[in-house]
There are 2 protein chains.
Amino acid sequence: MAPGAVGKSEAKTTVSPAAVRDAALTLFAERGYHGTALSQIAAELKIRTPSLYNHMRAKQDLLRDIVADTTEQVWADYEEAVEGVDDVAERLRNATRVYALRHATHRREALVVNRDIASLEEPARGNVLELRRRHAQAFRGLIEEAGGVDRESATLAAFGILEMCVSIARWFREDGPLTAEEVAAKYSEYALRIAGLA
Amino acid sequence: MAPGAVGKSEAKTTVSPAAVRDAALTLFAERGYHGTALSQIAAELKIRTPSLYNHMRAKQDLLRDIVADTTEQVWADYEEAVEGVDDVAERLRNATRVYALRHATHRREALVVNRDIASLEEPARGNVLELRRRHAQAFRGLIEEAGGVDRESATLAAFGILEMCVSIARWFREDGPLTAEEVAAKYSEYALRIAGLA
DNA sequence: CCTACCGATCGGTAGG
DNA sequence: CCTACCGATCGGTAGG
């Protein structure tokens, strides 16, 4: 490499794997996985489509990483939220609060997870569904244990609470009248009411 | 037409516009609009792709009809549910009940409306969003009028209630432990709790 | 209802 | 990071 021979080799690395993933996240959230072309992701980053392959392996991998990471973080949030909390109503409040909070602070991720799971190939899809099932079961367990509603209703209440939180990703705005924390506090209060504890 | 000359002309009309729409509805609900190819709809009906055009004009028209009709029916449900009901809590209960009920009895339509609205072209998209906004505003109005929560929370509660109902389309099973009517009754009870009326 | 076919675009590769 | 290019598939049309 002769010094100063080619100026081109110096102005590089404007794009990174993280930047590709972020652009994909924005577009998948807006138009869905199948509604987004790699050419659109490339255009967002101001490069040509084939150049994307310096930062990723396949379009499907982008979806898999987004969905798998998000689902794992949701479960980690849950475990941390209930850890060491004795009162079961308080565990339910905390678990709902962090779930609601994540849907306000990570709107794009939530939209993709809830919209494009069908576009995810196996085995990733199975793994994600299993982890989601575990999360929903944990909620149902909390509601049952709290004893505010009968056993049949606990499943119904769990779904209602979880999906109500998911919906936050659809309407929450950072510049809106309420902060993410305020919305999360309200919704965890709604959760207690649905579970017959308030 | 000589009698008995060609047997072919008798065994026709197995496929109709309604059949095409129904097949599209099932596949759009499963894989999304962009995730569904016309060739898959044709295969479902056991015909070739070009034959679809005897029963429709374009793929986009299938989506528009499904989404527009469903949204109009949701609004009609709402108007009928509150008509002539004096007590505002009872209006909220009825409005929630019919909304929840529709999401249990018309799962495919609900999934498509809530997932593929971004794939809908103008002006249909704008019309649908306007009607949905009117429906959400009406709910917020009921909650405000009922006076169980402060004005700020009414918007939050309205979103929570509506999206909780929408979620029914994602988990309800006809052969499950509860009927559509039972689920709708439960969820309209949750709505009153969220609105601070129970 | 079909076969034959259209231009456009898709995700991805070769080879620098 | 690019140009050039690949086979496959898309929605849709022509013409019976």
Side-chain angles (χ1 to χ4, degrees), chain A residues 1-2 5-25 27-28 30-67 112 116 118-121 124, chain B residues 1 5-25 27-28 30-67 112 116 118-122 124:
Chain A
M1 292 192 234
V6 271
K8 262 188 170 183
S9 62
E10 279 152 16
K12 60 186 170 184
T13 55
T14 49
V15 172
S16 64
V20 171
R21 178 173 159 157
D22 191 71
L25 184 52
L27 290 172
F28 288 173
E30 265 175 25
R31 318 164 186 203
Y33 178 74
H34 286 302
T36 303
L38 288 180
S39 61
Q40 296 172 318
I41 297 175
E44 193 93 345
L45 297 165
K46 296 187 166 74
I47 60 175
R48 306 289 173 183
T49 307
S51 303
L52 287 174
Y53 288 84
N54 292 311
H55 309 289
M56 61 165 220
R57 295 226 320 241
K59 188 190 182 191
Q60 175 72 207
D61 287 18
L62 292 173
L63 179 64
R64 178 175 39 69
D65 289 351
I66 290 167
V67 175
V112 173
D116 289 316
S119 303
L120 195 62
E121 293 170 5
Chain B
M1 291 195 239
V6 272
K8 263 189 169 180
S9 64
E10 280 152 14
K12 61 186 172 187
T13 54
T14 49
V15 173
S16 64
V20 171
R21 178 174 158 154
D22 191 72
L25 184 52
L27 291 172
F28 290 173
E30 265 175 26
R31 317 162 186 205
Y33 178 74
H34 285 303
T36 303
L38 288 180
S39 62
Q40 297 172 318
I41 297 176
E44 193 93 344
L45 298 165
K46 296 188 165 74
I47 59 175
R48 306 288 174 183
T49 307
S51 304
L52 287 174
Y53 288 85
N54 292 311
H55 309 290
M56 59 165 223
R57 293 226 321 243
K59 188 190 180 189
Q60 175 73 207
D61 287 19
L62 292 173
L63 180 64
R64 178 176 38 68
D65 289 352
I66 290 167
V67 174
V112 173
D116 289 315
S119 303
L120 196 61
E121 291 169 8
E122 297 296 355

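Predicted model, so just to flag it, every value in this text is computed and none were measured. Just so it is clear: chains get the letters A, B, ... in the order the sequence lines come, proteins before strands, and each one is counted from 1.
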*Asks:* Below 4.5 Å, heavy atoms only, C-beta onward: do Lys59(A) and Leu38(A) meet side chain to side chain?
*Replies:*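 Yes. Closest side-chain heavy atoms under 4.5 Å.
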*Asks:* Starting at OG of Ser16(B), measure out to CZ of Arg21(B) and round the result to the nearest 0.5 Å.
*Replies:*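 If I round to the nearest 0.5 Å, the distance is 11.5 Å.
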*Asks:* Would you please test Gln60(B) and Tyr33(B) for side chain to side chain contact (heavy atoms under 4.5 Å, CB included) and show each step?
*Replies:* CA-CA 9 Å; Gln60(B) 175 73 207; Tyr33(B) 178 74; 3.2 Å; yes
*Asks:* Distance check needed: dC2(D) P versus Ile47(A) CD1, whole Å only.
*Replies:*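 The answer, rounded to whole Å, is 6 Å.
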*Asks:* Is there side-chain contact between Val67(A) and Asp116(A), with heavy atoms separated by less than 4.5 Å?
*Replies:*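 No, side chains not in contact.
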*Asks:* Taking a pair as Watson-Crick (N1 to N3 plus N6-O4 or O6-N4) or G-U wobble (N1-O2 and O6-N3), both under 3.5 Å, which stems of 3 or more consecutive pairs involve DNA chain D?
*Replies:*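 So far as stems of 3 or more pairs are concerned, DNA chain D shows C:1-16 with D:1-16.
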*Asks:* If you round to the nearest 0.5 Å, how far is CZ of Arg64(B) from CD of Glu121(B)?
*Replies:*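 Glu121(B) CD to Arg64(B) CZ: 9.5 Å, rounded to 0.5 Å.
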*Asks:* Exactly one of Thr36(B), Leu25(B), Leu120(B) should register a side-chain contact (heavy atoms from CB on, under 4.5 Å) with Leu63(B). Which one does?
*Replies:*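 The passing option is Leu120(B).
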*Asks:* For nucleotides 3-16 of chain D, give me one character per nucleotide, 5' to 3': B if any protein heavy atom sits under 4.0 Å from the base, S if the only such contacts are to the sugar-phosphate, - if neither.
*Replies:* BB-----SSBB---
*Asks:* Which atom pairs, one a donor and one an acceptor, fall under 3.5 Å between side chains of residues 39-49 of chain A and the rest of the protein, sequence neighbours left out?
*Replies:*
from: Gln40(A); atom 1: OE1; to: Ala37(A); atom 2: N; distance (Å): 2.8

